[in-house]
Number of protein chains: 2
Amino acid sequence: MAHASSDQTPATWRHSAEVALRAAGLRCTFPRRAILDWIAAATGPFTAEQLVAALEAQHGSSSRATIYRLLDWLQSAGWLTRIYSDGTQHAYARFWPGHHHTAVCVRCGSAAVISECHVEESIRPALAALDFEIHGHVLELYGVCTNCRTRAD
Amino acid sequence: MAHASSDQTPATWRHSAEVALRAAGLRCTFPRRAILDWIAAATGPFTAEQLVAALEAQHGSSSRATIYRLLDWLQSAGWLTRIYSDGTQHAYARFWPGHHHTAVCVRCGSAAVISECHVEESIRPALAALDFEIHGHVLELYGVCTNCRTRAD
DNA sequence: CGAGTTATTGATACACTGTCGCAAGTTTAT
DNA sequence: ATAAACTTGCGACAGTGTATCAATAACTCG
């Protein structure tokens with residue numbers, strides 16, 4: 001590992017997100033640390049309610065309101081991305097600030113991040129015809145990851 | 001208009017969706033017709049609850065359950081597409097079966113359909129690196145439509 | 001056209017997710 | 001340590017979507 005500080009590992013995410021939290025003038029409280037810990041330990045996308053349930057099972061739990069408040073902030077700051085696949089629930093995946101997309105495995109639920117994005121370029125001809133001024137987009141890919149494919153009987 | 005039957009107008013949508021409904025062995029009841037009528041008359045995306053409220057205001061209303069059931073079917077059959085922009089609610093836009101994307105105007109809420117799609121092509125190099133077998137994707141674009149832009153002061 | 005068969009409806013009750021307001025408790029800076 | 005300010009958590013609430021099931025309406029066939 002050449003550049004430990006720029007590796008996008010869960011531990012690095014955990015640390016960087018906390019630094020960003022403090023830099024934003026927010027306080028690093030016990031409930032917030034518990035939330036960050038749990039997210040850092042998550043191996044794939046998760047819903048807000050999974051997080052609520054997991055922390056309720058712990059002794060020092062965080063309340064639903066606190067959890068939703070921090071999730072909102074983490075998303076707006078780019079440390080989480082919304083996953084829209086199942087629609088009605090607030091689902092998230094760990095993320096790094098910047099423009100990325102996710103490839104979600106429909107079997108195991110793991111989400112891979114794709115940083116190259118030429119979507120707006122490739123759709124530009126169609127948009128030009130519509131005379132539509134584009135501000136942003138949501139792209140989410142679904143499929144089967146390597147692990148699940150090799151494990152298929 | 002050269003090919004009236006292939007025009008993608010609201011009236012054609014209304015007719016084709018009903019034909020598809022019958023072809024699927026489903027019955028064309030009064031509540032279902034009211035729902036199709038309202039959707040055909042809609043000028044942009046709408047939420048399930050807007051539809052519920054609109055039909056409640058009519059004399060012969062359809063119940064919430066009936067509405068949600070038909071919306072589910074219309075979506076699964078490709079006559080509606082889910083709009084994910086506001087997240088928690090079930091929002092839809094009129095649609096034609098086949099692969100399309102939507103460009104949603106953030107000012108007026110109108111949704112334009114984009115039929116050309118080279119998204120998976122353009123993202124293929126990144127996916128190859130991940131060894132991810134792609135099954136499908138969700139793409140939604142946000143921006144400002146011509147009307148709203150020319151109307152800006 | 002009328003009776004039988006079967007899908008569909010709607011009412012109600014329910015479950016779940018997410019939000020709000022405020023008093024009490026923590027964190028941070030001095 | 002102390003004060004100021006932010007944060008928490010509780011409880012109550014609201015909105016959205018779902019399940020159940022008897023009553024009803026739509027098709028089909030003779």
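The sequence lines fix the lettering, A, B, ..., with proteins before strands; numbering per chain opens at 1. Bear in mind the structure is a predicted one, so any value in this text is a computation, not a measurement. Below, each value reflects all heavy atoms present in this structure, side chains not excepted, and no hydrogens, waters or symmetry copies.
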Engineer: For the helix from dC1(C)-dG30(D) to dT30(C)-dA1(D), measure the angle between the helix axis at one end and the axis at the other, each built from five pairs, rounding to 10°.
Structural biologist: 40°
Engineer: Does Arg32(A) use its side chain to pair, donor to acceptor, with the backbone of Leu21(A) at less than 3.5 Å?
Structural biologist: no
Engineer: Could you tell me the separation between the CD1 atom of Ile67(B) and the P atom of dG15(D), rounded to a whole number of Å?
Structural biologist: 17 Å
Engineer: Report yes if at least one side-chain N or O of Thr66(B) is closer than 4.0 Å to OP1 or OP2 of dG10(C); otherwise report no.
Structural biologist: yes
Engineer: If we ignore hydrogens and angles and just use 3.5 Å, is the side chain of Ser16(A) paired with the main-chain N or O of Trp13(A) as donor and acceptor?
Structural biologist: no
Engineer: Rounded to whole angstrom units, what separation is found between the CG atom of Leu36(A) and the P atom of dT7(D)?
Structural biologist: 13 Å
Engineer: Using side-chain contact (heavy atoms from CB on, under 4.5 Å), reason through Ile39(A) and Leu74(A) one step at a time and then give a plain yes or no.
Structural biologist: CA-CA 11 Å; Ile39(A) 296 174; Leu74(A) 287 170; 4.0 Å; yes
Engineer: With heavy-atom distances below 4.5 Å as the criterion, would you say the side chains of His15(B) and Val19(B) are in contact?
Structural biologist: yes
Engineer: To the nearest Å, give me how far apart CG (Leu71(B)) and C1' (dT9(C)) are.
Structural biologist: 15 Å
Engineer: Where the side chain of Arg69(B) is defined as all heavy atoms beyond and including C-beta, which of dG18(C), dT9(C), dG17(D) is the nearest nucleotide?
Structural biologist: dT9(C)
Engineer: Keeping Thr146(A) on the side-chain end and Asp131(B) on the backbone end, is there a donor-acceptor pair under 3.5 Å?
Structural biologist: yes
Engineer: How close or far is atom P of dG17(D) from atom CD of Gln75(B), stated in whole angstroms?
Structural biologist: 12 Å
Engineer: Does the protein touch nucleotides 23-30 of chain C at the base, only the backbone, or not at all? Give it as B, S and - per nucleotide, heavy atoms under 4.0 Å.
Structural biologist: ----BS--
Engineer: Applying side-chain contact (heavy atoms from CB on, under 4.5 Å) to Glu49(A) and His90(A), what does each step give before you reach the verdict?
Structural biologist: CA-CA 8 Å; Glu49(A) 289 301 315; His90(A) 278 196; over 6 Å; no
Engineer: To the nearest angstrom, how far is Trp73(A) atom CH2 from dC6(D) atom P?
Structural biologist: 16 Å
Engineer: For the residue pair Trp38(B) and Phe46(B), does the interplanar ring angle fall in the parallel (under 30°), tilted (30 to 60°) or perpendicular (over 60°) class?
Structural biologist: perpendicular
Engineer: Main chain of Ala42(A), side chain of Arg94(A): is a donor-acceptor contact present, judged purely on distance under 3.5 Å?
Structural biologist: yes
Engineer: Between C1' on dA7(C) and CG on Leu70(B), what's the gap in Å once rounded to a whole number?
Structural biologist: 14 Å
Engineer: Find the distance Leu51(A):CG to dT17(C):C1' and express it as a whole number of Å.
Structural biologist: 14 Å
Engineer: Compare all side-chain heavy atoms of Trp79(B) with those of Leu36(B) and state whether any distance is below 4.5 angstrom.
Structural biologist: no
Engineer: Please classify the nucleic acid contact of Arg64(B) as base, sugar-phosphate, or nothing, using heavy-atom distances under 4.0 Å.
Structural biologist: base
Engineer: Let's see if you can work this out: which of dT7(D), dT18(D), dG10(C) has an atom nearest to the side-chain heavy atoms of Tyr68(B)?
Structural biologist: dT18(D)
Engineer: Rounded to whole Å, please give me the gap between CD in Glu49(A) and P in dT16(D).
Structural biologist: 17 Å
